Asker: 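Below you will find the structure I want to go over with you.
Lettering follows sequence order; numbering is per chain, from 1. Fair warning: this is a prediction, and the values are worked out from it, not measured in the lab.
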There are 2 protein chains.
Amino acid sequence: MQRRAATGLRLAGYALNLHQLRFVQEAARRNLNLTETARALHTSQPGVSKAIRELEQELGVDLFVRHGKRLTRITEPGRQMLASVETILREVANLQRIGDEYAGRDTGTLSIATTHTQARYFLPGPVAELRRRYPQVQVVLHQGVPEQVASMLKSEVADIGLATEALAAHEDLVTLPCYEWQHVLVVPRTHTLARENRPTLEQLAAETLVLYHPTVTGRTRIDQAFARARLAPRVALEAIDSDVIKTYVRLGLGVGIVAEQAMREEAEAAGGSDLASVPLGHLFGSNVTRVAFKRGVYLRHFVLAFAELLAPRLNATLLARALRSDAASAVRAAGVDGAGGARADNDYQL
Amino acid sequence: MQRRAATGLRLAGYALNLHQLRFVQEAARRNLNLTETARALHTSQPGVSKAIRELEQELGVDLFVRHGKRLTRITEPGRQMLASVETILREVANLQRIGDEYAGRDTGTLSIATTHTQARYFLPGPVAELRRRYPQVQVVLHQGVPEQVASMLKSEVADIGLATEALAAHEDLVTLPCYEWQHVLVVPRTHTLARENRPTLEQLAAETLVLYHPTVTGRTRIDQAFARARLAPRVALEAIDSDVIKTYVRLGLGVGIVAEQAMREEAEAAGGSDLASVPLGHLFGSNVTRVAFKRGVYLRHFVLAFAELLAPRLNATLLARALRSDAASAVRAAGVDGAGGARADNDYQL
DNA sequence: TATCCTTACGGAATTCGTAAGCATG
DNA sequence: CATGCTTACGAATTCCGTAAGGATA
């Protein structure tokens, strides 16, 4: 910095560098623990500490409040600056993505974050088709509960997310409807309910049920429906995935309720299956599975192509329109007009 | 780069640095002339050249097309990347602004870009009031035609712009209505038209006119009105500013047409003035002067305060809402869906 | 006492300017 | 041949790791 001052350079405040910003971002994400931050970024802890202090000096304000030698919280300017930092680093990542897009035409990695049901029943077709069209693209599947899907999108671990819940609640994600489904009852083919067209909640409550675990998409709607009818069904077992539920239904533990996608295999099985399914949309309503992206990230063409495979309506033009706006200024604006007021539309209807 | 590769660092592609981006941006703005770019940024030309090449290597694609040793045009990836670069540098500037905002409370510079009429007749009040409230804030006034106002906003030379035309046509500016005005006829008090309430185009065409120069706001509307009526008035003189027009009207060169703001002094003069003015809104319609900001820039509180002085309706909450969205992704999106399609709303009605 | 941030220090790599080389119009 | 980009080179400076210091819970 000595020399620059001497030669009179220092292009309008660019003693700033991207490493400093990366450190600040990571520190914010990791509860202001610089040791952990340094480990995560494969660098030395003193380096992180120094870089942040220099950045603060450069900007003229502290980003973090320090209690002695410990960082305790983010200052108000720090909070506002973090929004800019997120934008900067996101756009830097976009530069790389655009570079990759034009450099190695059809090579790269498609990283998908999704829930079990989607991964098991919905995605196999689209993924296979993508692999056929873009043999050079490596597909990585990250499985988790909807909140994890959201957070993988936010940290740019995943390019595209697919889930039925939680996604629309995030400011910095853009979500679009993908397909609609309902729950179905799963019973052994010989069960009396197998011939029932529109079973009632009372009929179901008379059985022992095999349900999804409460963390799984749609379980809450089932609970609510029973609660509204003042029914308290017996639950034999709660499972994370549909295959487990089906297995226990086969064993006679009770009747199951799963997403309809999970029964499509049985429905299409040549010669029929040992399990029958009965739609339950009239009891539990219908669900919409949504595709989500992080707002502002550049989508390579194979990501767009994949979205279109998920739902033909999700073409490049529509996505471009949906992804247009930016959340960084919204976050800053929230401070100006009193916290809650600024809420950008992040759910696009078709 | 050797060493980083050796120690295994290179935090996920951040060999990138902000100087490279600044160089690229400036080169794009200066017709790909690196010599000029280097001069503008107070650095050496070989440095710029090298930095850009390194950036291209880093990103894996060329940003510029070279004919031998000369840069001729921007490549498609280059065009898309420039949008990201603009965003990055804008947010870096915002970091500085936020720092200034919190560091030196009420000090700083308010840079206003505007046209003559605004600077001369409308701004003196608000500027004086701002100086009274924020004595530490230095006010800089940049005068130009509307297109220059727009370009000063874009290059962040000015924080706020004020003009009656051209601003709304720019993607990356946000404009809001400030006040409405009409043209007025200026005649010596003794002139017969001084007692006319609603002069007609024919009456005006019978006189010799003293008008604004065609580059000045509103002149086109006057020409169009006469053209529609198939009248070709005689024009004695075309001037850039209202004071000149008034002067020549006093000299008896003809009758003048100016913006109503320019006659307010005369209307309020104690003991009357030697000039009379007659509203011409019924002939030339009304005009709306607009305030504009560059989309996405952080506005310091005294900028917001100044906007509110220009029009009380332009309060911080409204501005925060208007400034929320971002154009960078829109520019990129334009490529995806075929150039013209993506047009973000940049004019906000109250 | 264990965790965690800051300061100190030194070697290595990068940065950036000057000077020379060479292609275009 | 004038303009303008690139390559070459070397000295100053920044960078970044290790090691030691000091504060908190």
Side-chain angles (χ1 to χ4, degrees), chain A residues 1-12 14-24 26-28 30-58 62-75 78, chain B residues 1-12 14-24 26-28 30-58 62-75 78:
Chain A
M1 217 167 285
Q2 232 90 348
R3 182 203 184 184
R4 282 183 178 168
T7 56
L9 185 56
R10 255 200 55 135
L11 308 175
Y14 291 1
L16 267 177
N17 72 54
L18 291 171
H19 286 268
Q20 296 171 322
L21 303 187
R22 186 76 189 81
F23 292 164
V24 166
E26 196 65 28
R30 295 183 181 271
N31 270 317
L32 281 43
N33 183 327
L34 301 193
T35 307
E36 202 182 318
T37 298
R39 218 179 4 249
L41 298 178
H42 309 292
T43 184
S44 73
Q45 181 274 314
V48 173
S49 181
K50 188 150 176 283
I52 292 179
R53 291 213 91 107
E54 281 171 359
L55 178 64
E56 291 179 319
Q57 177 137 27
E58 176 70 27
D62 283 1
L63 274 60
F64 302 114
V65 177
R66 289 165 174 80
H67 251 41
K69 291 205 169 182
R70 226 151 272 218
L71 308 196
T72 55
R73 58 191 186 79
I74 301 179
T75 63
Chain B
M1 213 166 284
Q2 233 89 349
R3 181 205 185 186
R4 283 183 178 167
T7 57
L9 185 55
R10 257 199 54 137
L11 306 176
Y14 288 3
L16 269 177
N17 72 54
L18 291 171
H19 286 266
Q20 295 171 323
L21 303 187
R22 186 76 189 80
F23 292 163
V24 167
E26 197 64 27
R30 296 184 180 271
N31 270 318
L32 281 45
N33 182 328
L34 301 193
T35 307
E36 203 183 314
T37 298
R39 221 182 359 254
L41 298 177
H42 308 293
T43 185
S44 72
Q45 182 273 315
V48 173
S49 181
K50 188 149 175 281
I52 292 179
R53 293 213 88 109
E54 282 172 358
L55 179 64
E56 292 179 320
Q57 175 139 27
E58 176 69 27
D62 282 2
L63 275 61
F64 302 113
V65 177
R66 288 165 174 79
H67 253 34
K69 290 202 168 185
R70 227 150 272 221
L71 308 196
T72 54
R73 56 189 187 81
I74 302 179
T75 63

Asker: Would you mind telling me which residue lines up with the more 5' stretch of DNA chain D, B:Ser49 or A:Thr72, judged by nearest nucleotide?
Answerer: B:Ser49

Asker: Distance check: side-chain N/O of A:Arg66 vs OP1/OP2 of C:dT6, anything under 4.0 Å?
Answerer: yes

Asker: Under a 4.0 Å threshold between the charged nitrogen and the carboxylate oxygen, would A:Arg53 count as salt-bridged to A:Glu58?
Answerer: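 Looking at A:Arg53 together with A:Glu58, the answer is no, because their closest N to O distance does not fall below 4.0 Å.
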
Asker: Starting at atom CZ of B:Phe23, determine the distance to atom C1' of C:dT15, rounded to an integer number of angstrom.
Answerer: 11 Å

Asker: State which residues pass side-chain hydrogen bond (donor to acceptor under 3.5 Å, both in side chains) with B:Lys50; sequence neighbours excluded, sorted by chain then number.
Answerer: B:Glu54

Asker: Can you tell me if the side-chain N/O atoms of B:Arg53 get under 4.0 Å from OP1 or OP2 in D:dT6?
Answerer: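 Yes.
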
Asker: How long is the line joining CD1 of A:Ile52 and C1' of C:dC4, in whole Å?
Answerer: 13 Å

Asker: Taking side-chain hydrogen bond (donor to acceptor under 3.5 Å, both in side chains) as the definition, give me every residue that meets it alongside B:Gln57, ordered by chain and number, with sequence neighbours left out.
Answerer: none

Asker: Checking A:Arg30 now: which residues fulfil salt bridge (charged side-chain N to carboxylate O under 4.0 Å, His left out) with it, not counting sequence neighbours?
Answerer: A:Glu26, A:Glu36

Asker: Under a 3.5 Å distance rule, please check whether B:Thr75 uses its side chain to pair with a backbone N or O of B:Leu63 as donor and acceptor.
Answerer: yes

Asker: Once you round it to whole Å, what is the distance between P of D:dA8 and CD of B:Glu54?
Answerer: 13 Å

Asker: Looking only at the side chain of A:Thr43 (C-beta and beyond, no hydrogens), which of the listed nucleotides C:dT6, C:dC16, D:dG17 gets closest?
Answerer: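 Given the options C:dT6, C:dC16, D:dG17, the side chain of A:Thr43 is closest to D:dG17.
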
Asker: Name every residue in residues 31-39 of chain A that has at least one heavy atom under 4.0 Å from any atom of DNA chain D, in order of residue number, or write none if there are no such residues.
Answerer: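 Going residue by residue through residues 31-39 of chain A, none turns out to have a heavy atom under 4.0 Å of DNA chain D.
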
Asker: Got a sec, which residues hit side-chain contact (heavy atoms from CB on, under 4.5 Å) with A:Ser44, two or more places apart in sequence or on another chain?
Answerer: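 By the side-chain contact (heavy atoms from CB on, under 4.5 Å) rule, A:Ser44 matches A:Pro46.
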
Asker: Got a list of protein N/O to nucleotides 18-21 of chain D N/O distances below 3.5 Å?
Answerer:
{"from": "D:dG21", "atom 1": "N2", "to": "A:Lys69", "atom 2": "NZ", "distance (Å)": "3.2"}

